Amino acid sequence: MYIQIEPESDIPIYSQVSTQVMEGIIRGELAAGEVLPSVRGLASDLGVNMHTINKSYHDLEAKGVITIVPKSGAVISVAPLKGASKEQTDLLSEKLRPTVVEAMVSGMNDDEIHALVDSIMRNVREMK
Amino acid sequence: MEGIILFLSTLIVSVIQVSIPFLVKRTVVFGVTVPMDHTNHAVIKQSKKRYSLITGVLSLGVLTTFLVWSMSTTPTDVQMALMGTILPMIVIVTSLVLYFYFHVKISKLKKEQSWFEGKKQVKISDLNIRAKDEMLPWYVVSLPILLTIGLMAFTAANYNQFPDQIPVHWGADGQPDAYTDKSVLSVFSLPIILLVLQGMFLGIIELTKRSGIKIRPTNNQASKKRQINLRKYTSWLLLLVSLLLTMLFSFLQAMTLYGNMFGDMMIMLVPLIFMFLTLAGAVVFAIKVGKVDSDLDEVVVTGQDDKVEEYDEDRYWIGGMIYFNKQDPSVLVEKRFGIGMTVNFARPMAYMVLVVPILLILLLSFL
């Protein structure tokens, strides 16, 4: 599977990499047990700083998406998708809030916001 | 005989110089990143043709002059060596001047017409690409080192039989023409130099292996193939040169020990064959790497997503030729104008690659 990053984007590169890995898992392109490239390998392939990829892998590990196994590397977790915990839901709500607020204040109604979220989810699942 | 070597090597240098614009990555023109849909721009096509035409005509002139000169006069060895340095230099310097002229020209055009405007510049990477890497493993690349150790054992076993005067330089006819007194160092100098060179090759291959496999979003299949080929054939070429050097050095060492046991003809031919095979290897390397994702590649995949472009990396390339990128952990990257690898000057390791082998060889020759 491909990782695509936009260096000039406002979204930090580490977060772009994390999101792409998670999208790969959702689409089934990355299966449980698969090993991600080494930090140095992915950083050299993309021509970005090793700290950036390191940060991204630790971010993914904190989210429970991958496990960093000494010697093997970053392994996609075996059963990460058993539903979000209470704390995780709270965290997501906190992160989503500014975006939802921005949408509401711009005058979008509930249906439009729901439709937007639906379209993003469709896009994530279908993108190749 | 020297004339033939000089003529052949100048010819090959010229042919490669003339064809470079058509062998490099399609989206880098004279060291300038160009969006995929502008690679067929009239000015770009014209610049490439002019570059090749001028270097081509100049090379022909130089080669003809050389032929006429070497046939009408009887040049001395010194004159021949001088010509052999000057001739390829004329071709290389002129093509460098032309390169910079077109580099500036295309850069200006790109800026004026803002070719990257409205394009989303992205970088991509294939997570599974390292499984498809076809570089030779380290133990295959290390095989010639075993031969060198064998040569050292052979030298040690026959140390007493080596003559009092050890050759240190050989003429164009393959005959030794300079000697030094016998000592452990002088008897072992050939195998030691060989070992240093092989170690250097092994190091370059390992650094290549660790360097990034850089692919483009605008033609990911072709750019992937090119990178895989570049890495694979770099390791093959270095193994070939390493093996050839081992054979040549073993041949010279045996000649020092047993004297002229092979006959004058053989002694003249062996270095020539070595040189010819190395040049042939370099040409095959240039073709194998240069035919994919360049102007020679017939398959053009377009329309993947015309809003997306490869990231414009010109900011990391001084003059379009010298790579300096502090972020990139790669020590070796693909050259922008030429076929092969160049170093990332922002990495301290790059200076090791450039300086250490030279220092070692200098040290050995002064000891």
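The analysis underlying the following values was restricted to heavy atoms, covering all of them including side chains, and did not include hydrogens, waters or symmetry mates. Just so we're on the same page: letters track the sequence lines, and every chain starts at 1. Every value quoted in this text rests on a predicted model; they were computed, and no experiment measured them.
Using a 4.5 Å cut-off between heavy atoms, B:Ser125 contacts chain A through both its backbone and its side chain. Only the side chain of A:Glu34 comes within contact range of chain B, judged by heavy atoms closer than 4.5 Å. In this structure, chain B has heavy atoms under 4.5 Å from both the backbone and the side chain of A:Ile3. With a threshold of 4.5 angstrom between heavy atoms, B:Lys224 approaches chain A through side-chain atoms but not through N, CA, C or O.
Ring geometry for B:His41 versus B:His38: interplanar angle under 30°, hence parallel rather than tilted (30 to 60°). A perpendicular orientation is assigned to the rings of B:Phe345 and B:Tyr351, their planes being inclined by more than 60° (bins at 30° and 60°). The aromatic rings of B:His103 and B:Phe100 lie perpendicular to each other, with more than 60° between the two planes, well past the 30° mark.
No hydrogens or angles considered: nothing links the side chains of B:Thr234 and B:Thr208 as a donor-acceptor pair under 3.5 Å. With no hydrogens or angles considered, a side-chain donor-acceptor pair links B:Asn325 and B:Tyr323 at under 3.5 Å.
Residue B:Asp293 forms a salt bridge (Lys or Arg N to Asp or Glu O under 4.0 Å) with just one option from B:Arg216, B:Lys225, B:Lys25, B:Arg226, and that option is B:Arg216. When each of B:Lys119, B:Lys120, B:Arg315 is checked for a salt bridge (Lys or Arg N to Asp or Glu O under 4.0 Å) with A:Glu8, only B:Arg315 meets the rule.
Identified by a heavy-atom distance below 4.5 Å to chain B, the contributing residues of residues 43-54 of chain A are A:Ala43, A:Ser44, A:Asp45, A:Leu46, A:Gly47, A:Val48, A:Asn49, A:Met50, in residue-number order.
Contacts classified as salt bridge (charged side-chain N to carboxylate O under 4.0 Å, His left out) and involving residues 93-112 of chain A (residues at least two apart or in different chains) are not found.
In terms of heavy-atom pairs under 4.5 angstrom with chain A, the leader among B:Val333, B:Asn128, B:Ile213 is B:Ile213.
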